[in-house]
Each structure stands twice: as structure tokens, then as C-alpha cells.
Student: 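The structure is given below, and queries will be raised subsequently.
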2 protein chains.
Amino acid sequence: MKYKSYKSMNCSMAQALDAIGERWSLLILREAFYGKTRFNQFLDELGIARNILSARLNHLVEEGILEKRPAAETSHTEYVLTDAGRALRTVIMSLIHWGDEYRPHPDGERFSFVDSQSGEPIRKMGIHTVSGKEVGPGKIKVVPGPGVRKN
Amino acid sequence: MKYKSYKSMNCSMAQALDAIGERWSLLILREAFYGKTRFNQFLDELGIARNILSARLNHLVEEGILEKRPAAETSHTEYVLTDAGRALRTVIMSLIHWGDEYRPHPDGERFSFVDSQSGEPIRKMGIHTVSGKEVGPGKIKVVPGPGVRKN
DNA sequence: CTAATAGGTTGCAATATGAAACTAAATAGT
DNA sequence: ACTATTTAGTTTCATATTGCAACCTATTAG
């Protein structure tokens, strides 16, 4: 991480990207969502180089997004999502929905998602007001809060 | 984009990341959402190098996310979001919300967002079923669709 | 006890990024 | 009309990151 870091920017998104914006990080996290936990599982699934995978996993652990620990009953290592990691599911789901719509697979949807409790399908990600009304593109107004600083 | 492309992966998210996953791309798009349209506006706001900004803008145009055109009344260039570009607002909003929560600014929220029609605040991004019920972390089940191919 | 698997590290070539200098065209000021 | 400034880039070069392959060590399986 010696390319210019986004950390100095006063922007939540820049902070997020500093944690997960490196090449491969989100794909690793997607696999973690799909239940993968081990070094070689990520390796096989993604076709990423070993040294890069190692660097990314370490970074995600440092950032508090994954936890590294010995797997129960064995001395294998496993990487599991923390709360902060699981909270990235909205980012991942948004990217998947965008890809489904604008970069579709010719044969149809690759995966769909359902609520594991009710079995009900998951709805396309959208932006809503607190009262639940959908907010269309271009209808979002930005309001500066107390944490804005002008350089 | 001559690093190994994610295009060959059969995953919607990989396709999305191929379009917007390069360094700086999402920050440029955030500025576009905030209403910036011109080369020097992006430059001043982000502190990105000129050559990189140029490369990213061209790539986003190729990917159909921005449109490059002469601004009305002048011969200046402007870059504006296409529909596909505007559809990325869920990704951006998800990242901002994650950053607000897990990488907060000590003085408080940097920006908040409201529906420009009603003025009502925008709700934290979440995952919902089609009937509107919130789906918690770990409650999402993945269902393979017709577009899955096993390498 | 031996081979295979898991989880790495190291070295090197190929690529990407960042900073600064340089262009060229359009606009603004006098 | 002429000059200075702004806009939107391109080029060059040093530095940083990525990708690939080989190597390594500790566990587990047979």
C-alpha cells in the first residue's frame, strides 16, 4: 500500500476503498460470503497468485474485515468474516446486481439469492428513505455534516 | 487494464469490477454523482495524476458508464453519467455507509443524504426480500441460475 | 515412513502509478 | 489584434505493484 493512500481524503468512501479497494480484495470477500475460509479454497476458486492472496488476506485481517484463526479440531488456518466484513454484503450485492443487469451472461442469471428463512427472493438493491420510499437516480441530495473539512 | 482481466470469470461481480474496479474509478464516479463533469474538476477534487485521470475517464467511457461530449454552449469537454453509470449509485452509497460506520470521522458524519423531493433522510443500505423484509447477515442463500458454468 | 496437502516466502519480469514537464486548443483580458 | 490563462490532455521517467514460478516447512493421509 505505497501507492498514494486514500486515507487523507475526508470521505467515507475513500476510507472504505483503502480497506477493500485493492485488486482482488472484493473477489476474495465474495468467496468468503459464499462460505470459503481457507487459503487453498480462495486460490483454487479465483486463480489468484499465492503471494498476492497472502498479502490481501493479511491486509483484510489488519483492517478488521477477516479474522485469521486455527480451524476447530484441526491445525489448519481459516479466515472468517468479522462483523465489519459481513457488513460489506450490501457492497457485494450491489456489484452483483449491476453486473447482472449491465454485463449479463448470455445464458441467463448466474446466481440468484433468497432469504434463507422464508425462501423469498431478494430484491434488487435500491436506495430508500427511512420511511421506505424508493429514491430514483438523480433524486439524492447531499447534505454536509459536522465531519466535513475543507482541506 | 492489462493486469489479468476478471472477464473470463463467470461472475457478475467480476464483470462489474472489470469495469469499475481499477484504482480511482469509484472515486471519480462519486464526484460525477456529486455533479462534477469536467477534467479539471475531477483533478482538483481528487488529487489524482493527470495521466491516470485521463486513462480512467477513457476506460469508463468505453465501458458505457460515462459519456464524453462537448458541453452545451462551449467547446469544453464534459463527462456525464449514463444510465449504467447512475445505476452504480447503490454501490457508492453502500461504500459510503460502510465507511461511515466502520471508519468514522472523529467529528461526526461527513455527509448525509436526503430524498431531494421529500427531504426525507435516506436509510442505510440493506438487503431486502421482494416483499420488503430485511434480510440479516448470514441469512442469504445462493441459488445457481442458468448462467452458471463450471469452468 | 513417505507422499501429498496446506500455507506460505522469495526472486524476477511485466505492468501500473505518480510527478513533472510539455503541448495544443480555446477563452479571457487589454 | 495580441497576449496571458485556462482546459484538457500527452510524454517521460522513477518507483510501486502484480503475476508467475520455484522453493520451503509443517501437517495430514496412506
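To find a chain, count down the sequence lines: A is the first, B the second, and so on, and within it residues start at 1. Since the model is a prediction, treat every value here as computed from it, not as a measurement.
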Student: Taking the side chain as every heavy atom from C-beta outward, state whether B/S131 and A/E120 have any pair of such atoms under 4.5 Å apart.
Tutor: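 A side-chain contact exists here, since the closest heavy-atom pair is under 4.5 Å.
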Student: So does A/R23 get a side-chain nitrogen or oxygen closer than 4.0 Å to the phosphate oxygens (OP1/OP2) of C/dT15?
Tutor: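 Answer no for this pair, as no side-chain N or O of A/R23 is under 4.0 Å from OP1 or OP2.
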Student: Inspect the contact between A/K36 and A/E78 and indicate whether a charged nitrogen and a carboxylate oxygen are less than 4.0 angstrom apart.
Tutor: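 Salt bridge between A/E78 and A/K36, a charged N being under 4.0 Å from a carboxylate O: no.
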Student: To the nearest Å, give me how far apart NZ (B/K68) and P (D/dT7) are.
Tutor: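 Whole-Å distance recorded here is 16 Å.
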Student: Using a cut-off of under 3.5 Å, enumerate the N/O to N/O pairs linking the protein to nucleotides 26-30 of chain D.
Tutor:
from, atom 1, to, atom 2, distance (Å)
D/dT27, O3', A/S75, OG, 2.8
D/dT28, OP1, A/S75, N, 3.1
D/dT28, OP1, A/S75, OG, 2.7

Student: Output the rounded distance in Å from CD (B/E22) to C1' (D/dT17).
Tutor: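 Rounded to whole Å, this separation is 14 Å.
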Student: Are B/F33 and A/V142 co-members of a hydrophobic cluster defined by side-chain heavy atoms under 4.5 Å apart?
Tutor: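 They do share one cluster, since a chain of ILVMFWY contacts under 4.5 Å joins A/V142 to B/F33.
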Student: What's the spacing between B/H76 NE2 and B/R38 CZ if we round to 0.5 Å?
Tutor: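 Reported to 0.5 Å precision, the distance equals 4.5 Å.
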Student: Evaluate the side-chain proximity of B/R110 to A/P144: yes if any heavy-atom separation is below 4.5 Å, no if none is.
Tutor: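 Not in contact.
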Student: Take the protein atom NZ of A/K36 and the nucleotide atom P of C/dA6, then report the distance between them rounded to whole Å.
Tutor: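 Roughly 14 Å, once rounded to whole Å.
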Student: Can you name the closest pair of heavy atoms from A/M125 and B/G126 and give their distance?
Tutor: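 Answer, listing the atom of A/M125 first, then B/G126: CE-O, 3.5 Å.
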Student: Give a yes/no on whether any side-chain N or O of A/W24 is located under 4.0 angstrom from OP1 or OP2 of D/dG19.
Tutor: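 For D/dG19, OP1 or OP2 has a side-chain N or O of A/W24 closer than 4.0 Å.
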Student: Do any N or O atoms of the protein come closer than 3.5 Å to N or O atoms of nucleotides 20-22 of chain D, and which pairs are they?
Tutor:
from, atom 1, to, atom 2, distance (Å)
D/dC20, N4, A/N51, OD1, 3.3
D/dC20, N4, A/N51, ND2, 2.5

Student: Indicate whether the side chain of A/S54 and that of A/N51 have a donor and an acceptor atom separated by less than 3.5 Å.
Tutor: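 A/N51 and A/S54 do not have a side-chain donor-acceptor pair below 3.5 Å.
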Student: Tell me whether the OP1 or OP2 atom of C/dT9 has a side-chain N or O from A/S54 closer than 4.0 Å.
Tutor: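 Checking A/S54 against C/dT9: at least one side-chain N or O falls below 4.0 Å of OP1 or OP2.
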Student: Just by distance, do the side chain of A/R56 and the backbone of A/R23 share a donor-acceptor pair under 3.5 Å?
Tutor: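 Checked: pair present.
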Student: To the nearest 10 degrees, how far apart in direction are the end axes of the helix from C/dC1-D/dG30 to C/dT30-D/dA1, each fit to five base pairs?
Tutor: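 Result, rounded to 10 degrees: 30°.
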Student: What's A/Y79 touching, base or sugar-phosphate or nothing? Going by heavy atoms closer than 4.0 Å.
Tutor: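 Sugar-phosphate only.
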Student: For A/R103 and B/E63, run salt bridge (Lys or Arg N to Asp or Glu O under 4.0 Å): C-alpha distance rounded to whole Å, both residues' side-chain angles, the deciding distance at 0.1 Å, then the answer.
Tutor: CA-CA 10 Å; A/R103 300 291 185 276; B/E63 293 283 354; 2.6 Å; yes
Student: Round to a whole Å and report the spacing from CZ of B/R56 to P of D/dG9.
Tutor: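 After rounding, the gap between these two atoms is 15 Å.
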Student: Take atom CZ of B/R38 and atom P of D/dT6, then tell me their distance rounded to the nearest Å.
Tutor: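 The answer, rounded to whole Å, is 13 Å.
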Student: Are the side chains of B/L43 and B/R50 in contact, using a 4.5 Å heavy-atom criterion?
Tutor: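 Side chain of B/R50 against side chain of B/L43, heavy atoms only: contact under 4.5 Å found.
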Student: Taking the six-membered ring for Trp, are A/F42 and A/Y79 parallel (under 30°), tilted (30 to 60°) or perpendicular (over 60°)?
Tutor: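 A/F42 and A/Y79: perpendicular rings.
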Student: Rounded to the Å, how far apart are B/N40 CG and D/dT5 P?
Tutor: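 These atoms are roughly 16 Å apart.
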Student: Taking the side chain as every heavy atom from C-beta outward, state whether A/I127 and B/I122 have any pair of such atoms under 4.5 Å apart.
Tutor: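 They are in contact (side-chain heavy atoms under 4.5 Å apart), so the answer is yes.
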Student: Could you check how far OH of A/Y3 sits from C1' of D/dT15, rounded to whole Å?
Tutor: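 So the OH-C1' distance, A/Y3 to D/dT15, works out to 9 Å.
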Student: Without decimals, in angstroms, what is the distance between B/F42 CZ and D/dG9 C1'?
Tutor: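 In whole Å, D/dG9 C1' lies 15 Å from B/F42 CZ.
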